[in-house]
Amino acid sequence: MSENWEPKIVTFVCNWCTYAGADLAGTSRFKYSPNIRIIKTPCSGRIDPMFIVAAFEKGADAVLISGCHPGDCHYNEGNYNARRKFIMMRRLLSELGIDNERVIFAWCSASEGIKFARLVNEVSEKIKELGPFDEYHNLDQEER
Amino acid sequence: MKELIAKAKELLMNKEVDLLIGYQSAGEKKAKPLLIKNPDDADKLVFNEYCLSNLVTYLNRPDIKALSKVAVVAKGCDIRAIVVLLSENQLVREKIFIIGMTCDHVMSPDGTEENIKCSYCKVRNPHLADVVIGAPIDERISKETVVRHEDIEEFNKKTKEEKWNFWKEELSQCIRCYACRQVCPLCYCERCIVDFNNPQWIDTRSNPRGNFAWNIVRALHLSGRCIDCGECERVCPANIPLMLLNRSLQEEAKDKFDWEAGFDPEAQPPLTTFRKEDDEEFIR
């Protein structure tokens, strides 16, 4: 690990809650770690588990996923459906030996700017501890 | 067997079905699929413990779907696949004639011992059929039994590094022939995600990165749907233990959603629905 390595955390957020929450964090001048790369989706239900795989393939060290709290979904039940998908994805990742700490799920509302900032800082600290996700990134070099 | 041949002849002779899918002998201790339209060919039909293939796969083929009615010889485990296809609106019940076979067990693919899936089979007697052939067989376990797999328990004792290395080794042998997909009765997408190139989700070359992505998506798309027929693992030329992943997700579906695929065609598949009290301990 090079000394000035910084984790890349791909962050998928829903348009209605967490994106607005992140926006609030910004307009409120809450400082948070610059390691995240936010990608806005219409709803957490839009987040296909393949997004996680694609992020790791393209060099992410962790993936953070966040949407509206249960009951708050703009589309009523998108986040409930997403939750079931994530349950399955987590089990599959753990069977494959991929650290579940590298895929983080959260609910964060539009008013929780402070929660968003804190979440990002915590995740970022954790991933700095874990180090780069070389196992996955190196799969590329092992081409036969 | 006589009963099966007689029924097949009757169905084809009376033009009740256009096509009958069953098994024929493929040499000693082997059987292979048989697709017949002519009643005279029905004499070739066999059914024994070497009839491993899940013939339900054929029902997804567009040319077979176009026929007005098709009969299929199916064991209880195969019928579970029909149930999933019905619940996903992929089959029209009236267009298939299910010849359900009572079945105590089939053999392992090498023909030496009882197939592992049969030790916890709950459908020795077909649960959905138009006609049942064979004497009723005592079920060994009840429908309510929660099945736990020793191999998964054993596997989960490994550390994550051991698991990762295990799968890296196994998946590096994948030659991306997609036999697992082709044989699967539940992989019916006309265009598979792996065949899309805009955007390209999965590297189509047989390299470790693409192999991981492919096997992740394969297992996920079967989560809450896999009926444990074991065909993917049987046909895999690289002998990758694919069922280890499938069975883990079956256990997860049972634990988290109280779901077992392939029993009730009316039930809502688990990943198309939700419960407000679903597990969310992992969500921050």
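Everything quoted here is computed from the prediction, not taken from an experiment. Convention: sequence-line order gives letters A, B, ...; per-chain numbering from 1.
A donor and an acceptor atom, one from each side chain of A:Glu95 and B:Trp167, are nowhere located under 3.5 Å apart.
For a residue to count as touching a neighbouring chain, one of its non-hydrogen atoms must lie under 4.5 Å from one of that chain's; by this rule B:Pro199 does not touch chain A. Heavy-atom distances place both the backbone and the side chain of A:Tyr136 under 4.5 Å from chain B. Neither the backbone nor the side chain of B:Thr159 comes within less than 4.5 Å of any heavy atom in chain A. Neither the backbone nor the side chain of B:Asn165 comes within contact range of chain A, judged by heavy atoms closer than 4.5 Å. Of the two parts of B:Lys276, the backbone and the side chain both hold a non-hydrogen atom closer than 4.5 Å to a non-hydrogen atom of chain A. Contact of A:Asn100 with chain B is not made at all, since no heavy-atom distance falls under 4.5 Å. In this structure, no portion of B:Phe166 lies under 4.5 Å from any heavy atom of chain A. Neither the backbone nor the side chain of A:Ile65 comes within less than 4.5 Å of any heavy atom of chain B.
Evaluation of the ring pair (Phe, Tyr, Trp, His ring centres under 6.0 Å) rule for B:Tyr188 yields no partner, not counting sequence neighbours.
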**Request:** Start with the C-alpha distance between A:Val53 and B:Val217, add both sets of side-chain angles, then the distance that settles side chain to side chain contact (heavy atoms under 4.5 Å, CB included), and finish with yes or no.
**Result:** CA-CA 9 Å; A:Val53 176; B:Val217 80; over 6 Å; no
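Using a 4.5 Å heavy-atom cutoff, the side chains of B:Glu280 and A:Phe86 are not in contact. Using a 4.5 Å heavy-atom threshold, the side chains of A:Arg84 and B:Asp278 count as touching.
Per-residue counts of heavy-atom pairs under 4.5 Å with chain B were compared for A:Ile87, A:Ile98, A:Asn81; the largest is that of A:Ile87. Among the candidates B:Glu162, B:Glu251, B:Lys158, B:Lys160, the residue making the largest number of heavy-atom pairs closer than 4.5 Å to chain A is B:Lys160. Counting heavy-atom pairs under 4.5 Å between each of A:Cys108, A:Ser66, A:Ser94 and chain B puts A:Ser94 at the top. Contacts with chain A were tallied for B:Ser248, B:Ser223, B:Gly210; B:Ser248 has the most, counting heavy-atom pairs under 4.5 Å. The most heavy-atom pairs under 4.5 Å with chain B, out of A:Lys115, A:Arg90, A:Lys85, come from A:Arg90.
The shortest non-hydrogen separation linking A:Leu92 to B:Ile216 is CD2-O, 3.5 Å. Nearest heavy-atom pair, A:Gly97 versus B:Lys163, reported as atom, atom and distance to 0.1 Å: CA-CB, 3.7 Å.
A distance of 10.5 Å separates CZ in A:Arg83 from CZ in B:Arg275, rounded to the nearest 0.5 Å. In this structure, the separation between CG on B:Leu220 and CE on A:Met88 is 9.0 Å, given to the nearest 0.5 Å. Going from atom CD1 of B:Ile202 over to atom CE of A:Met50 covers 4.0 Å, rounded to the nearest 0.5 Å. Note that CG of B:Asp203 is 11.0 Å distant from CG of A:Leu139, once rounded to the nearest 0.5 Å. Atom CG in B:Asn215 sits 8.5 Å away from atom CG in A:Leu96 (nearest 0.5 Å). Put simply, CZ on B:Phe212 and CD on A:Glu135 are 10.0 Å apart, with the number rounded to the nearest 0.5 Å.
By the 6.0 Å contact criterion, CZ on A:Arg29 is open, its count of non-hydrogen atoms from other residues, nucleotides or ligands being 12 or less. Summarising the local packing, OH of A:Tyr19 is surrounded by 12 or fewer heavy atoms from other residues, nucleotides or ligands at distances under 6.0 Å. By the neighbour-count criterion of 12 heavy atoms within 6.0 Å, atom NZ of A:Lys8 is sparsely surrounded, having that number or fewer from other residues, nucleotides or ligands.
The aromatic rings of A:Tyr80 and B:Phe274 lie parallel to each other, their planes meeting at an angle below 30°, with 60° marking the opposite boundary.
Taking the centre and axis of the six-membered ring of A:Phe105, the NZ or CZ atom of B:Arg284 falls outside the cone set by 45° and 6.0 Å.
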